[in-house]
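Structure first, commentary second.
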Amino acid sequence: LIVALSLFGAGIIICFCILISVHFDYSKLADGFRTGVNSEENVEAEHVDKDIEANDQDLIFNLSSADITVTPSEDDMIHISYDNTEDSYFEFDEKSGSITLTQKGTRDFFLWTINVQDTEGKVTVSIPVGHKGALKIDGASSDTSVTGLEVGGKFNIFSVSGELNIQDCECETLEAGTTSGEIKLVSLNTGSIKANTVSGGIELSDISKSIPVTLASTSGEVYAENVKTKDMGIHTVSGKMSLKNVSGQTASLSSTSGSVLLDSADFEEIDFDTVSGDIRGSVAGKAEDYTVFTDTVSGSNGLSSHKERGERTLDFSSVSGSFEIDFEQ
C-alpha cells in the first residue's frame, strides 16, 4: 500500500509539471513539450513593445511565471509590452482573428518547472473600448489584473497559483479559475459569471445585473456582497460561504462540511444540501412568506416549528448540520 501511494503521488507531481510546461493545453502534449521550453534558443534580453491595429481579434496569453495587467487603451490600438530575458522569453504570433503571446523558458524542462517562480516578468496590455474579441489568459504562477475594460468578447482567465483581480469591466461572459490563488470579482457587467478554485477564496461584489452566477471552491471561502443574480449556485467541500445583501430567484448551496452565513439574503427559493455544515443568519421578508422544508438526522433545527405556507421556499437537508434562520420582518 505504501509503495502504491508513493507511485501515485509521484505520478501527480509529474503530471503537474507536464501541464505547467504546456500551459494546460492538452493538445500540446503530443508535440514533445515544444511549448514552454526551448533550451537551444539563443535569447537576447530586450524590452518589446507591440502596437497593433485593433480588428476585434481574440487575445490569447499563455504565461508560466509572468504577471499580466490589462487596462483600456487611450487610442484605437492594442498595445502589448513585455521583457525577454536570458531565462524567459515570449513568442508573439499574429494571425487572422487572433493574437497569441506565449511565454517560454530557455532552461532544461525539469529545471524550468521546478524553478518557474524564479523568473520575474510582467506583461502589460491595453485594449480599446468596444473591442469585440475574447480575452483568454492561462497562467501558472502568474498574477492577473484586469481593470476598466469595456469589451464585447468573452473573458476566460485561469491561473494555477496566481491571484485573479477583475474589476470594473464589461464583457459578454466571464469564466475564471485558480488552483490556490485568490479570485476577486468586483463591479462587473456581464451575461454570466463562473468562478472556481481549489484552495483559494472567491470574492464577488457589486453586481447589479440579474445574471446566472456559479461559484465553486474546495477549501477556500466564498464571499458575495451586494450581488443581484438570476440564479446562484455555490458549492464547497469544507469552505465557508458568506452571502451579504444578495438577491435573486434561486440560490442552490451545497457543501460537505462548509458552513453558510446569510445576511439579508433575498431569494424566492434557497436550497441548502450538506453533510455536516451549518446554515444560519437572516433572510428577507416575514416568516409567513416562506414554506420551509427541513431534513436533518442529528443536527439542531431552529425551523422545526415553522408551519407557514408562503410563496417563498427554504429547503434545507443535512446529516448533522444545524439550521438557524431569522426572518427580517
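Keep in mind that the numbers below use all heavy atoms, side chains included, and drop hydrogens, waters and symmetry copies. Treat the numbers as computed from the prediction; the structure is a model and nothing was measured.
- L303 and V260 end up in the same hydrophobic cluster when Ile, Leu, Val, Met, Phe, Trp and Tyr side chains are linked at under 4.5 Å.
- Between the CZ atom in F61 and the CD1 atom in I68 there is a gap of 4.5 Å [rounded to 0.5 Å].
- Checked by atom type and distance alone, the side chain of H306 pairs as donor or acceptor with a backbone atom of E308 at under 3.5 Å.
- Residues T173 and E175 form no side-chain contact, since every pair of their non-hydrogen atoms from C-beta on lies 4.5 Å or further apart.
- Between V213 and I207, every side-chain heavy-atom pair lies at or beyond the 4.5 Å cut-off.
- To the nearest 0.5 Å, atom CG of residue D168 and atom OG of residue S187 are 4.5 Å apart.
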Open item on the list: The test is side-chain hydrogen bond (donor to acceptor under 3.5 Å, both in side chains); show your working for E163 and N165 and say whether it passes.
Closed with: CA-CA 7 Å; E163 296 184 355; N165 185 354; over 6 Å; no

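- Looking at H131, its side chain never comes within 3.5 Å of a backbone N or O of D76 through a donor-acceptor pair.
- For E172, there are no salt bridge (Lys or Arg N to Asp or Glu O under 4.0 Å) partners, not counting sequence neighbours.
- Y223 forms part of no hydrophobic cluster, judged by ILVMFWY side-chain heavy-atom separations under 4.5 Å.
- Atom CZ of F293 and atom OG of S317 lie 13.0 Å apart (nearest 0.5 Å).
- S145 places a side-chain heavy atom less than 4.5 Å from the side chain of T147.
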Open item on the list: Please evaluate residues E74 and S126 with respect to the criterion side-chain contact (heavy atoms from CB on, under 4.5 Å), reporting the C-alpha separation (whole Å), side-chain torsions for both, the decisive distance (0.1 Å), and the verdict.
Closed with: CA-CA 8 Å; E74 297 180 355; S126 58; over 6 Å; no

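- For the residue pair S65 and Q103, a side-chain donor N or O sits within less than 3.5 Å of a side-chain acceptor on the partner.
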- [ ] Test I99 against K50 for side-chain contact (heavy atoms from CB on, under 4.5 Å), laying out the working first.
- [x] CA-CA 11 Å; I99 295 170; K50 298 284 187 180; over 6 Å; no

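- Proximity of a side-chain donor or acceptor of T291 to a complementary backbone N or O of G310 within less than 3.5 Å is detected.
- Side chains of S322 and S300: a donor-acceptor N/O pair is present below 3.5 angstrom, by distance only.
- For the pair F155/L149, a side-chain contact is recorded, criterion being any heavy-atom separation below 4.5 Å from C-beta on.
- Here the CD1 atom belonging to I127 is positioned 11.0 Å from the CG atom belonging to D56, to the nearest 0.5 angstrom.
- Taking both residues in full, the closest heavy atoms of S254 and M241 are given as O-CE, 3.1 Å, listed atom of the first, atom of the second, then distance.
- Taking the side chain to side chain contact (heavy atoms under 4.5 Å, CB included) definition, one finds that E269 meets it with T250, D271, T313, sequence neighbours left out.
- Judged by distance alone, the side chain of H79 and the main-chain N or O of S73 form no donor-acceptor pair under 3.5 Å.
- Residues S142 and S159 approach most closely at O-OG, 3.0 Å, considering heavy atoms.
- At least one side-chain heavy atom of L314 sits less than 4.5 Å from a side-chain heavy atom of F327.
- For E311, the CD atom is loosely surrounded, since the number of other residues' heavy atoms within 6.0 Å does not exceed 12.
- Remark: E170 engages E150, N189 in a side chain to side chain contact (heavy atoms under 4.5 Å, CB included) (not counting sequence neighbours).
- When side chains are defined from C-beta on, F92 counts as touching I80, because their heavy atoms get closer than 4.5 Å.
- In this structure, V123 is a member of the same hydrophobic cluster as I52, with clusters built from ILVMFWY side-chain heavy atoms closer than 4.5 Å.
- For the pair V70/L59, no side-chain contact is recorded, criterion being any heavy-atom separation below 4.5 Å from C-beta on.
- Taking OG1 from T229 and CG from L215, the interatomic distance works out to 9.5 Å, rounded to the nearest 0.5 Å.
- V297 forms part of a hydrophobic cluster together with V275, V319, judged by ILVMFWY side-chain heavy-atom separations under 4.5 Å.
- Environment of CG in D263: crowded, with over 12 heavy atoms of neighbouring residues, nucleotides or ligands closer than 6.0 Å.
- A side-chain N or O of T274 and one of S255 form a donor-acceptor pair less than 3.5 Å apart.
- Shortest non-hydrogen contact noted between K240 and S242 is CE-OG, 4.0 Å.
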TODO: Before giving the answer on side-chain contact (heavy atoms from CB on, under 4.5 Å), spell out for E182 and K184 the whole-Å C-alpha distance, their side-chain angles and the decisive distance to 0.1 Å.
DONE: CA-CA 7 Å; E182 301 289 318; K184 186 175 183 178; over 6 Å; no

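- Looking only at side-chain heavy atoms (C-beta outward), I234 and L243 come within less than 4.5 Å of each other.
- For the pair A140 and S64, the tightest heavy-atom approach, listed with the atom from each and the gap, is CB-O, 3.1 Å.
- Minimum heavy-atom separation, A66 to F90: CB-CZ, 3.8 Å.
- The side-chain hydrogen bond (donor to acceptor under 3.5 Å, both in side chains) contacts involving residues 196-205 comprise T178-T197, where partners must be two or more places apart or lie in separate chains.
- Looking only at atom types and distance, the side chain of N301 has no donor-acceptor partner in the side chain of T296 under 3.5 Å away.
- We find the OG1-CD1 distance between T102 and I60 to be 8.5 Å, quoted to the nearest 0.5 Å.
- Hydrophobic clustering of Ile, Leu, Val, Met, Phe, Trp and Tyr side chains at less than 4.5 Å, counting indirect connections, keeps F158 apart from I137.
- The stretch residues 185-201 participates, sequence neighbours left out, in no salt bridge (Lys or Arg N to Asp or Glu O under 4.0 Å) pair at all.
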Open item on the list: Test side-chain contact (heavy atoms from CB on, under 4.5 Å) on V151 and L135; report intermediate values, then the result.
Closed with: CA-CA 9 Å; V151 299; L135 176 63; over 6 Å; no

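- Screening residues 223-236 for salt bridge (Lys or Arg N to Asp or Glu O under 4.0 Å), with sequence neighbours left out, gives E225-K244.
- Taking F316 as the reference, F323 meet the ring-ring contact (aromatic ring centres under 6.0 Å, His included) condition, with sequence neighbours excluded.
- The existence of a salt bridge linking D266 and R312 is confirmed by a sub-4.0 Å separation between a basic side-chain nitrogen and an acidic carboxylate oxygen.
- When all heavy atoms of G177 and L164 are compared, the closest pair comes out as O-CD1, 3.6 Å.
- Shown here are the side chain to side chain contact (heavy atoms under 4.5 Å, CB included) partners of E46, two or more places apart in sequence or in another chain: V48, N84.
- Listed by first then second residue, pairs satisfying salt bridge (Lys or Arg N to Asp or Glu O under 4.0 Å) with a partner in residues 273-299 number zero, not counting sequence neighbours.
- Residues L261 and V283 do not share a hydrophobic cluster, clusters being chains of Ile/Leu/Val/Met/Phe/Trp/Tyr side chains in contact below 4.5 Å.
- A continuous path of ILVMFWY side-chain contacts below 4.5 Å connects F267 to V227, so both sit in one hydrophobic cluster.
- Note on residues 204-222: no pairs pass salt bridge (Lys or Arg N to Asp or Glu O under 4.0 Å), not counting sequence neighbours.
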